Each structure stands twice: as structure tokens, then as C-alpha cells.
Amino acid sequence: MGRIFFFNYCAIPVYLIILYTTFVRRATKGLANTFFITLTIVSLLTTVFDIIADGYEAFLPMERWYYAVVVFTTYAYFILRNATSLLYFFFILSYTRTWFRFRSARLKLLITAPYAVFLIVLLTNPIHKGVYTISPEAGYIRAPLIMVPYVVSIFYLLFGTVYLTGCRSFIERSKFVALMSMYVLSAIAVLWQLFRPRYLVEMFSTAIAFLMVILLVLRPEEITDSSVGLPSWKAYKAELRKIVTTRHPVQIFAVRFINAERVRAYLGEEMYAGYFSAVAGQIDRFLHEERFPEDMYFEAPGNLYCIVDSSFRSLDLSEKQRLFFDAITEHTQDFERMGVHLDARICSLRYPEDLGTEEDIIRLGHEFFGLIPVDQTFVKAEELVGTRKYEIGTRMDSILNRAITEHGFEMYYQPIYSLSEGGFCSAEALIRLNDETYGAISPGLFIPAAESKGLILPIGDFVLESVFSFISAHDLTALGLHYIEINLSVAQCLQPELVDKVKCLQERYGVDPSQVNFEITETTYDNIGNVAEKNIRRLAEMGYSFSLDDYGTGYSNMKRVVTLPLKIIKLDKSLIDEMKSPTGRSIIRSVIRMMKDIDKELIAEGVEAEADLYELKEMGCDLIQGFYFSRPLPAPEFLAFLDDQLNKKAP
Ligand code: C2E
Ligand code: MG
Ligand code: MG
């Protein structure tokens, strides 16, 4: 009875298409991809051998050369066919990142022993002839031990099904279905072939299962960042998910190129992508040469994450760190020829020792560079986790929400001294957050967090309301003050209803616009569109004045200084700190002179020393703000402070 090869013939183009698309889509990196490619090649060969080996019936009795071919291909068929089951299980282990579960010798034996037994039985078949016999006259005839390869296949099928089901919790549904399809289709094919032995459907069903895998599981477009050609942020998160669910110990290096945004703006999108993939490629090559096992992921604009399997104990931890650090610093320097330098900050963390959840790992990767001094390039997570700053950072959401709902904010006021009037003429309103657990939290910490979490507007509203009510409750003139300065955040400036809000407060509290000065920062300008500029102009028309905060820290754009209605320029503390050096003094002197030429008033911020005060006065600075006179004070203390000053002055 002739066999029907139709399905086997169909399987061949399917395997070829799978291989072709795998290479075209460059889904060749990583252990899971390697296993998949091996599996496809093995299955392709199995199919070919199956066709050749089973084609003997047409040639009975066989010629000698054909007999030799049939003997060889039959053995090869059995060896490869059963290897597929084992390889597929290895593929699942790689894909689910659960190799480490099989580290013990006993488990290793459990998954490899059935295949080994089968191999021994098969390879000794020429002696015992228990599996099958082949003769030139009668062809291929099964013997009782033919059950061995079937039993082994069934073992892997059942074991794999159970194992995969156990991984269900951390594999997406569609991927789980695709992975499982291999087992389901194999079972159907085996049953089919049992009842309809003429139809060789096994290899075709495997091909269909592989198609499912390549379409739904190994999707490079889904997990590769197409701009730089590295595994994506999404893939990183999926890996973390697997790691945490299976409690797989790993070491992660988070690299943050802190000037990535700027380098990208400088080079342009396309060149930046090319540049970055070259940097990443170099690092990758170097690490491979050093036999440093890792998977690298990319997050725009310039973060890299490397996951190193802790089960690779060939290198000790500090050795790994040193190698990694060298790779990053050396290979980013190589690109300085192009005139750009990626400024890297690296954090190494261990799971589960340092951090135990995906969210915490992701958060630390995003925030660690804010927790270390600017000139520190490398940090271990264990040095950060547990510090007050870190604790506050991880709980910032709830801290902010609690402060907003339970009125945890308070306005402080820092007096500003007028050198020409010889007394305090204004003050800057500075917000404070009092948390029941963490006490006073600096605005330097929570304002940027509130901005990124979209909570800055309610905070800004609180500031406006408090300061307007403060002004209406006290007679500023009697206190010697002309106005109070209010910091406006970028988000507030961009709010279309900002002017209406201010107008509303102005009417409710009967405040004169000349009693309020808004501070905006240079970064505000970087981001302003029409709305912000319109807001600033309309408020200025209403009589509010503006100062430019933190002058000297960003990119000082002269055109904006000239065109926007700014009354005051505030020299940042970092600039004032340069008073110590002759160059610093020259710069400050020139800035003051230049600003005076275009009729701006100048405030020096962060003045702490008496000597600086006199020097600034001599340079022509108008106003001084700093700890030399006073720290920011709560409203009652601030009022008492002013009273005190007035009393001192009176006699
Ligand atoms: P800023 O607007 O530049 O405020 C000046 C900062 O310098 C204040 O820090 C002040 O306490 C500090 N400072 C003043 N004199 C000295 C000194 O002599 N030595 C030292 N070391 N520091 C001095 P603070 O209050 O921690 O505020 C930090 C930043 O947070 C502010 O910088 C501002 O950008 C932001 N911020 C504060 N309050 C508000 C607010 O109500 N709204 C908004 N949007 N941002 C605010
Ligand atoms: Mg300010
Ligand atoms: Mg400032």
C-alpha cells in the first residue's frame, strides 16, 4: 500500500519560508531564536529524510545503493525526529527564561535521559534488530521496540504540555496558544497517523505549529526597536515579567545616557539612530568577546538595559561590573571623533537581592541618575535602595496625592533685600511639602516629580491661591514690600486658562497686579509655544511683572531676554558660587553690565557670604536673596522677621 507524501511535500516550502523570514527579519539573536532556527532546520531535514526513507516501496526489491540510502535516512529520520521534541522543550525554556529551574543534576537527567535511552536503543538496532529491520527484498519492517521512539515522544509531549501550562501566568494568551499548538497538533497528527498510516501528516503539522510560533511568538517587529535594531523596551519589560514571575536571579545593568536628548537634537533622528546602534553594536561585540553573557535592550532616547544571567558564574560580580563599565566608557569615547559624546551613567542591580518587583526595577532604571551626584558615573543599587531619597522617590505618587488631598503643602517666604533701598523690598514664595512619614520634602524633589506625573497644576493652583490670599491679608506696603514673587511651572504657563485663573484670584482677593511678580525659568522658554507666550504677554498687559529665574544654568537665549516682557533677571546660585574665581567674577560683572544696559533689574540668588554681597553691590546688582539674610520662612515667622527688621531700622 503506497504512502501519501503530499503533506510532506507541502511541509518543505513552509519550513523554507519560516527560515527565510527569520533571517530577513533578523530574528537571529538570542538563545530562543537560535533554538528556533535549529529546530526549523532539523525539521526540514527530518521531512526530507522521511520522504527518501519512505519512498522505498516503489523500488522493491531495492538496488544496493538505494538500500544504503534508505538505511542511512531511516536512522537519521528517527534521530532527528525525536531530537525535535527535546529541542522544542529547550526552546520553551529559553523563551520563558526558565533554564535556571533545571540547574540540578537530577532534573537535567530527567529531561535528557529519555532521549539518551532512545539513542542507545536505536544505535544498537543493527545488533538486536528490535526497532525495525530493513532488507533489500522486504524493505522496512517494524519490530516491537518501535514503541520506544513513540513513548519518548509522548513523554516530551506530556512533560512539555504540563510545563508550558505552568508558565501560563507570565506568557501572553496568544503566545501561549501558539506555543501549545505544537503539542496539540503533534498529538492530533500522531493519532491521525495511527489510524490512517498512509497519510504522513506529522511533519506538516509541525510546520504549521512553527508558523504559529513565528507569527505570534517570535515577532521581531514587536520586540525590536526598529530605529536602532536592538531588542526594545517592550521586550525588556516582558523579560522582567518572566524573571520576576519565575524568581530567576539576574543582574541588570541600567545605562542612561543623560545627554541623549540633546545629542539626538544635534545629530537629527536618523543619524542619531545610526550613531546609537553603532555604539550599542560596539559594546555588544566587546562584551561577547569577553564572554560576557547578556541580553541588551534599548529604550528611547538613550537608555540601555543589559540582563546578565546570574547562573553564569564564570565571572564574579565585581569582574562583571568592571568589564561592563569599561565597555561602556571606552566605546562611547570612540565616538568623540564625531564631535559628540554620550554621557553615560550606570547602575547595577541584582534581582532579587536589591529589588523584588518589576515596577521597582523599572523605576530605578529611570531614576537612579537623579539619586547620585552629577559627577558619579557608576552606582550599585544596594547603595541607593533604602536611602531616604530613594524611599521618597518610590512613594512619590502617594506622597503627592496625600499632600494634595490632605493639604500637606505650605508656603514659605524668603525675603529679598534691595541694595539701593537698604531694606527688604520683596520676597519669593517657595512651596514646602510636609509629609507625615518623611517630614519636610524639598521642592527640588517633588516639583519635577509632580511635573512628570501631571500633578503640578493642582499644586500651582494652591500656590497662586495661597500667595494671593497672603497678599490680601497683609499690608505689604506697611511691611516695606512692593511685591511677592511666585514661581510658575512650565505646565502652568502652557495652560490656556492661566490668565482667567489669575484674573479671578485678583478680583476675589482685591490684589493689585503690581504686588505680584511671576518667575519663569529658561527651560520654560525652551518649551513654550504660542500659548505660553500669549499668557505672559496678557498678564504683563494686566500689570503683572516677570522675572527670569535661574539665569546662567540653561542656554541663555538673548533674543528671548530681549523680546519677552521681563523686568528682572535672577542670577542662579551656581553662577554666584563662581564669585570665588576671577573668571567667574568677570562673567558676573559682564552679565550685570549687559543686563543693566537693556534696563533689567538683577537679583543675585543664593548669596551666603558677606563678601559676595559687597562685591555684587559694587558690580551694580540691585537685589540680594540668600541665606546670608534669611532662609525661606513660614508666613508667621516671615512676618515677625520683617517686623523685627523694621523695628531695627526705625530708631
Ligand atoms: P528657585 O525658584 O530658584 O528658588 C530658589 C531656591 O534657592 C530655593 O530652594 C531657596 O531655598 C534656595 N536658596 C535661596 N537662598 C539660598 C542660599 O543662600 N543658599 C542655598 N543653598 N540655597 C538658597 P527651594 O525652596 O528648595 O526650591 C527649589 C526649587 O523648587 C525652586 O528654585 C523652584 O524652581 C522650585 N519651587 C519652589 N517653590 C515652587 C513653587 O511654588 N512653584 C513652582 N512651580 N516651583 C517651585
Ligand atoms: Mg524661583
Ligand atoms: Mg532660582
Side-chain angles (χ1 to χ4, degrees), residues 370 389 392 400 403-404 408-417 424 426-434 439-470 483-495 498 501-502 516-524 527 532 545-554 556 566-579 602-613 616 621 623-635 637-638 641:
K389 222 171 164 185
I392 290 175
L400 281 172
I404 290 169
F409 297 110
E410 187 183 351
M411 291 317 291
Y412 276 43
Y413 296 87
Q414 186 177 29
I416 296 175
Y417 186 84
F424 294 95
S426 65
E428 176 172 5
L430 292 159
I431 194 168
R432 294 293 177 262
L433 192 167
N434 296 311
I441 298 173
S442 149
L445 272 185
F446 73 82
I447 294 280
E451 276 171 349
S452 68
K453 292 175 202 303
L455 293 170
I456 192 70
L457 291 178
I459 297 177
D461 291 347
F462 165 83
V463 173
L464 287 173
E465 174 105 34
S466 315
V467 178
F468 273 75
S469 104
F470 176 85
Y483 56 85
I484 303 283
E485 308 214 336
I486 301 177
N487 290 285
L488 279 187
S489 68
V490 182
Q492 280 176 294
C493 288
L494 288 170
Q495 240 190 334
L498 176 69
K501 257 185 199 169
V502 171
V516 173
N517 175 288
F518 290 113
E519 291 189 9
I520 49 182
T521 57
E522 285 188 75
T523 44
T524 321
N527 301 314
S545 61
F546 281 86
S547 18
L548 182 59
D549 203 355
D550 303 341
Y551 186 83
T553 50
S556 307
L566 295 168
K567 182 177 157 209
I568 304 172
I569 307 291
K570 299 191 78 169
L571 300 179
D572 192 66
K573 181 172 188 316
S574 58
L575 200 60
I576 301 303
D577 289 343
E578 294 302 322
M579 291 282 282
L602 282 138
I603 301 185
E605 266 189 312
V607 176
E608 294 179 355
E610 194 168 11
D612 292 347
L613 173 77
L616 284 161
C621 189
L623 304 151
I624 304 287
Q625 177 183 355
F627 293 177
Y628 173 71
F629 287 115
S630 168
R631 288 175 176 269
L633 301 167
E637 283 177 42
F638 170 63
F641 173 86

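Numbering of ligands and ligand atoms starts at 1, following listing order. Being a predicted model, the structure only gives us computed values, none of them experimental. The residues of the chain are indexed from 1 along the displayed sequence.
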Taking only non-hydrogen atoms of Glu605 and a 4.0 Å limit, the atoms of ligand 1 in range are 1 (P), 3 (O), 4 (O), 5 (C)

Backbone, side chain, both or neither: what part of Ser489 comes under 4.0 angstrom of ligand 1, heavy atoms only?
both

Contact atoms of ligand 1, heavy-atom distance to Gln414 under 4.0 Å
10 (C), 14 (C), 15 (N)

Quick check: does Asp550 put an N/O/S atom under 2.8 Å from the Mg ion (ligand 2)?
no

Test item, Lys570 contacting ligand 1 (heavy atom, 4.0 angstrom)
no

Confirm or rule out an N/O/S atom of Thr521, from backbone or side chain, lying less than 2.8 Å from the Mg ion (ligand 2).
no

Below a 4.0 angstrom heavy-atom separation, can you tell me which part of Arg432, side chain or backbone, both or neither, approaches ligand 1?
side chain

Given that the side chain starts at C-beta and the backbone is N, CA, C, O, which of these parts of Thr521 lies under 4.0 Å from ligand 1, counting heavy atoms, or is it both or neither?
neither

Hey, is there an N, O or S on Glu605 sitting under 2.8 Å from the Mg ion (ligand 2)?
no

Counting backbone and side chain alike, does Glu485 bring an N/O/S atom below 2.8 Å of the Mg ion (ligand 2)?
no

Return yes or no for this condition: an N or O of Asp572 is under 3.5 Å from an N or O of ligand 1.
no

Within the structure, does Phe627 bring an N/O atom to less than 3.5 angstrom of an N/O atom in ligand 1?
yes

Closest Asp549 atom to the Mg ion (ligand 2) [N, O or S only]:
OD2

Taking 4.0 angstrom as the limit and counting only heavy atoms of Asp549, give me the atoms of ligand 1 inside it, by number and element.
1 (P), 2 (O), 3 (O)

Indicate yes or no: does an N/O atom of Tyr628 lie under 3.5 Å from an N/O atom of ligand 1?
no

Should Gln625 be counted as touching ligand 1, given the test is an N or O pair under 3.5 Å?
no

Measure from the side-chain N and O atoms of Glu637 to the backbone N and O of Pro634, and report whether any donor-acceptor pair falls under 3.5 Å.
no

To the Mg ion (ligand 2), the closest N, O or S atom belonging to Glu519 is OE1

Starting from atom 38 (N) of ligand 1, locate the nearest protein heavy atom and write down its residue, its atom name and how far away it is, to 0.1 Å.
Ile431 N, 3.1 Å

Name, closest N/O/S atom of Glu428 to the Mg ion (ligand 2)
OE2

So for Arg631 against ligand 1, with non-hydrogen atoms under 4.0 Å, the contacting part is neither

Nitrogen or oxygen of Asn487 less than 3.5 angstrom from that of ligand 1
yes

